[in-house]
Structure formats: C-alpha cells, structure tokens
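Note that the structure is predicted; figures quoted are calculated from it, not measured. When a residue number appears, it is its place in the shown sequence, counting from 1. Hydrogens, waters and symmetry mates play no part in the numbers below; they use all other heavy atoms, side chains included.
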Amino acid sequence: SAEHQRRYRVIGSDVWLVVCLLSKLVSSGVFSAVSMFLNTLTPKFYVALTGTSSLISGLILIFEWWYFRKYGTSFIEQVSVSHLRPLLGGVDNSSASSSSSSNGDTDSSRQSVSECKVWRNPLNLFRGAEYNRYTWVTGREPLTYYDMNLSAQDHQTFFTCDSDHLRPADAIMQKAWRERNPQARITAAHEALDLEDCATAYILLAEEEATTIVEAEKLFKQALKIGESCYRRSQQLQHHGAQYEAQHRRDTNVLVYIKRRLAMCSRKLGRTREAVKMMRDLMKEFPLLSMFNIHENLLESLLELQNYADVQAVLAKYDDISLPKSATICYTAALLKARAVSDKFSPEAASRRGLSTAEMNAVEAIHRAVEFNPHVPKYLLEMKSLILPPEHILKRGDSEAIAYTFFHLQHWKRVEGALNLLHCTWEGTVFHEVSVYPKKELPFFILFTAGLCSFTAMLALLTHQFPELMGVFAKAFLSTLFAPLNFIMEKVESILPSSLWHQLTRI
C-alpha cells in the first residue's frame, strides 16, 4: 500500500543517514583518536579498571547469594521476569504453564502438582505438650514462622466459615486463628468458652495450652461432645442453602480433626489397639476425606503392633499410581519386602551366588523408595542428626524425610537386618532428574557473577604483576575487537562519494 511504501522510504532514509554519520566519523578521525587514547593508557589504569570490575561483580555476587538463601530465587532473574519481560512483550510463566498443562497429560500434571505442594504433616506433634517442651529446655523455637503461618491458614480453612459472625463464640475464634501471639490465641479461646460451648476453642486449648498429652486428651473429649452435636444438627440442615452447606462442611472438618487427634493421643499414651480401632472407624465413616492422610497414622500404629499383614492390606489400598505417593507408603512397602530377607542377607554371599527372587524384590522396593525421596536413608542410617518434625512437609523433600524417620526409625530397628540391607543397597540407586527434589540449583546469575568476579580478579592480579605484557595483550585485544568495524567503515568510505556529507548538511 502507499502507507507501507512511505514507511519503507522513511526507514531507508534513516538507515542511509546512519551510514553517512559513521562514514563522517571515520573520515574525521574519531576512531584514530580513540586508538591513540588507548595507546596512551598506563598499566595502572588497567589494574584499577579490572580491580573495580572485580569489586562490583563481587558485591553483586554476595547480594545475589544472600537473596537466594533468604527467598529461594535470584533477584536479577525475578526483576527481569516481573518487570522487563512484560515490557518486552514476553509471555507470563503462569499462562504458559497453564496452556501447556491443558494440552498435556492430565494424570502426569496432577501427579507433579501433588508432589510439589506443601502438605500438612499427618503425624504432627502437639504444640503445648510436645513442641513447647523443646522450647522450655533449649530456649529455642522448634517451628519456623513460615510453618506456623501455614498452620494458621489451615485452621482458618478447616475451622471457620462465612456464617461465623452469627455466633459470638465462632466470631471470636475466627479472629483467634489469625492471631500471631500464642497467648492471645489462648486468651481468645477462653473468652469464646465464657460465652458458650465451642468445639474449636477446645481444639485450640488442647493443641497449645495443654502441657501433657493427658490434658490434651481431656480437652479433645470435651470438644468431641460439642462437635458431634453440631455435626448432627448441620447434617440435617445442609440442603437448606449454601450457608448451611458451608456450616456442615466446617463441622465435618472439626469432627474429623478431633477424632484423629484423639486417636493420636491414644497412640502416644500406649493404647495402640484403641488408636487403630478409632482410625479404622474414622476412615470408614469419612472415606472421602483423604486430605488428612489418616492412613499414614494407621500404618504407623499397625507397625507398632507388628501387625504386618494389616500393614500390607493398607498398602494394597493406598499404594496406587493414581493416588499421591508419600515417603511413608514407599518406605513401609520397602520395609515389608526387606523383612522377608533381611535377617539372613549377606552382601558377600549375595555377590557370590547372586540375588534370590525375594532379595531382588526387596532391593527393587528400596530403590523405588529412594527414588521417591533420597533424603530418608541418611536419617534412617543415622548419618544425619534428627530434629523435631515440622507441622508441614514438602513431598520428596528433606522435611518429609525428617518427619518419616522421626516416627518410623524404631520400626526399622525392630526388623533385624533391615537397616543393613538398606545401607547395602540405597547408594546403588540410579536417580532420575527429580531424585534430588526439592534441592534447588543455583540460579544462572549467581554462577555468572561468580565467574565474572573470578575472571576480573585474575585480570587485575595479572595486570598488577605483569603490567607491560598485559598492556600489550589489552591493546591487541582492543585492536582485534575494532578491526571488523574499521574494515566496514573503510569499505563504506570508499563506496560513498566524498561530497555526500556536505550535501546532507546543506539539506
């Protein structure tokens, strides 16, 4: 079109003007002046230049490393993705990932999401009766602020609903779950109980104020009476509207949480058979509430009873490819396979005669478990020190390994030779790319600044030690760098007429 032709003529005239300007620069001797300036520089200038570059890149490296250790990402990368990419018309990661995932395999995407998310620890300890004991002895906090913040979000999700403002006690508890100060939460729970009986208030007191498991169990039993009454009432009204349905969902979560914690109290007080019965009844009554992972509590209790047949039955139900895996499922399956051969296993004998079918099955089960979470063996073999488990874990991560080992190390020690078989086989596992998940690789900009800092520091040292030789190298490098540009300018000057610049200036 005429408009396009006009634009092309304008662009062509602009390019022609730039070429003419470069030609004028060459003809006026600017490049020769620059080369003369570079020839007059002393070695001290190069030492100062490389030293300053090394210092600046070192400071950037230190800042990048600090930012990565604190926030888990590169500052330069975050700024470029958040601010520069939209300006340059880039595609947002979230939209790209969502579009790619919509076109990809649904099952694999669901599995990857389930592995990457943060899960609540099914065997988490009681804050008042267990975590606070560590604080009283050492003066240190066993939980991070991030972990406690996730727990506060869970409590608000499970124990509150939109209609809480209709009941004064529930309104107080809705604010209590948001409080950061533990004493303020406990005070708010007592205020709610002064108004009326409230199941969630008893839950908070059992979790945070009770100093022993016995006290926590008493409070949970009081919460159970109120929770069952509220559940039956909301169950009858759940179909009368969205508000009643939300109340019933909240009451269901409260009741399941209370019964699960009561079962854990029985397990901690030595009444393991009672705990197993309570967990089985709970799973039968609420089969769809898999978010609490009650089967992992059941597996640990059955292992304590050494009821390995029932453990195998639970694994057969939950060790399914369509369900999210966990270290508890994978390593319990490996323990059962190892139990069949570990008491007679000998590495020397196995190397001479080869592995039997049962031994091969045990080794493969251990390999699959290590493939899922490679952090667990070092804790089971006591090669790394153990700490209190967090309230939330990251699947396939170090936190999950700590939580699993804290409760299951005794079960591995009880099976004769199981740890020996694990020690002999786990290092031979061939890992795939996600085996070290969630270990984060260093960002590119940290590696780049580290290399830049090292390179410029080396240049500064060499220039200081060998000034004349490095000066010759610098001049040769700069002349080589500018050689193609000088060649192009000479060709342009030879092609263009000498009077062209004067004509353009007149125009």
| note | Sequence neighbours excluded, the answer for side chain to side chain contact (heavy atoms under 4.5 Å, CB included) partners of Ala338 is Leu421

| note | Sequence neighbours excluded, the answer for side chain to side chain contact (heavy atoms under 4.5 Å, CB included) partners of Glu196 is Arg167, Pro168, Ala169

| request: Kindly write out the residues that satisfy salt bridge (Lys or Arg N to Asp or Glu O under 4.0 Å) with Arg339, not counting sequence neighbours, or none if the list is empty. | output: none

Quick one, [X] and [Y] - any side-chain contact, counting heavy atoms below 4.5 Å?
X      : Y      : value
Tyr231 : His248 : yes
Arg280 : Leu302 : yes
Asp170 : Cys198 : yes
Leu255 : Phe286 : yes
Leu299 : Leu315 : yes
Ser151 : His392 : yes
Ile186 : Leu205 : yes
Thr212 : Arg133 : yes

[X]: side chain to side chain donor-acceptor pair (under 3.5 Å) partners, not counting sequence neighbours:
X      : result
Glu285 : Lys259
Asp251 : Ser234
Ser163 : Gln247

[atom1]-[atom2] distance between [X] and [Y], expressed to the nearest 0.5 angstrom:
X      : Y      : atom1 : atom2 : answer
Tyr308 : Leu336 : OH    : CG    : 8.0 Å
Ile203 : His155 : CD1   : NE2   : 8.5 Å
Arg185 : Arg178 : CZ    : CZ    : 13.5 Å
His295 : Ser326 : NE2   : OG    : 5.5 Å
Asn132 : Leu125 : CG    : CG    : 11.0 Å
Thr328 : Leu123 : OG1   : CG    : 6.5 Å

Heavy atoms of other groups near [X] [atom1], more than 12 under 6.0 Å:
X      : atom1 : value
Asp162 : CG    : no
Lys268 : NZ    : yes
Gln235 : CD    : yes
Tyr146 : OH    : no

| field | Pairs where residues 297-308 contributes a residue and the test salt bridge (charged side-chain N to carboxylate O under 4.0 Å, His left out) is met, not counting sequence neighbours | value | Arg267-Glu300, Arg267-Glu304, Glu304-Arg414

| said: Strictly below 4.0 Å, N to O, side chains only: are Glu207 and Arg261 in salt-bridge contact? | reply: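 A salt bridge links Glu207 with Arg261.
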
| Thinking salt bridges, do Glu400 and Lys395 make one under a 4.0 Å N-O criterion? |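 Lys395 and Glu400: not salt-bridged.
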
| How far apart are the C-alpha atoms of Leu409 and Tyr379, what are their side-chain angles, what is the distance that settles it, and do they pass the side chain to side chain contact (heavy atoms under 4.5 Å, CB included) test? | CA-CA 8 Å; Leu409 178 59; Tyr379 289 106; over 6 Å; no

How close do [X] and [Y] get, counting heavy atoms only, and between which atoms?
X      : Y      : answer
Leu419 : Trp412 : CD2-CB, 3.8 Å
Phe407 : Pro389 : CE1-CG, 4.0 Å
Ala403 : Asn121 : CB-ND2, 3.8 Å
Phe406 : Leu386 : CA-CD2, 3.7 Å
Pro142 : Leu388 : CB-CD1, 3.9 Å
Ile172 : Ala188 : CG2-O, 3.4 Å

Name each donor-acceptor pair under 3.5 Å that joins a side chain in residues 220-230 to protein atoms two or more places apart or in another chain, with its distance.
none

| Intermediate values then yes/no, side chain to side chain contact (heavy atoms under 4.5 Å, CB included), Leu150 and Glu391 | CA-CA 9 Å; Leu150 289 177; Glu391 291 184 339; over 6 Å; no

| task | Applying ring-ring contact (aromatic ring centres under 6.0 Å, His included), name anything that partners Tyr331, two or more places apart in sequence or on another chain. | result | Tyr404

| remark: ring-ring contact (aromatic ring centres under 6.0 Å, His included) filter on Tyr244, not counting sequence neighbours, yields none

| All pairs passing ring pair (Phe, Tyr, Trp, His ring centres under 6.0 Å) where residues 249-285 contributes a residue, at least two apart | Phe159-Tyr257

Atom pairs and distances, side-chain donor-acceptor, residues 269-279, under 3.5 Å, sequence neighbours left out:
| unit_1 | atom_1 | unit_2 | atom_2 | d |
| --- | --- | --- | --- | --- |
| Arg271 | NE | Glu274 | OE1 | 2.8 |
| Arg271 | NH2 | Glu217 | OE2 | 2.3 |
| Arg271 | NH2 | Ser266 | OG | 3.3 |
| Lys277 | NZ | Asp281 | OD2 | 3.0 |

| query | Under the side chain to side chain contact (heavy atoms under 4.5 Å, CB included) criterion, do Val415 and Ser342 qualify, and how do the steps go? | reply | CA-CA 8 Å; Val415 177; Ser342 59; 3.7 Å; yes

| request: With side chain to side chain contact (heavy atoms under 4.5 Å, CB included) as the test, would you mind laying out the steps for Ile258 and Leu262 before giving the verdict? | output: CA-CA 6 Å; Ile258 294 172; Leu262 277 173; 4.1 Å; yes

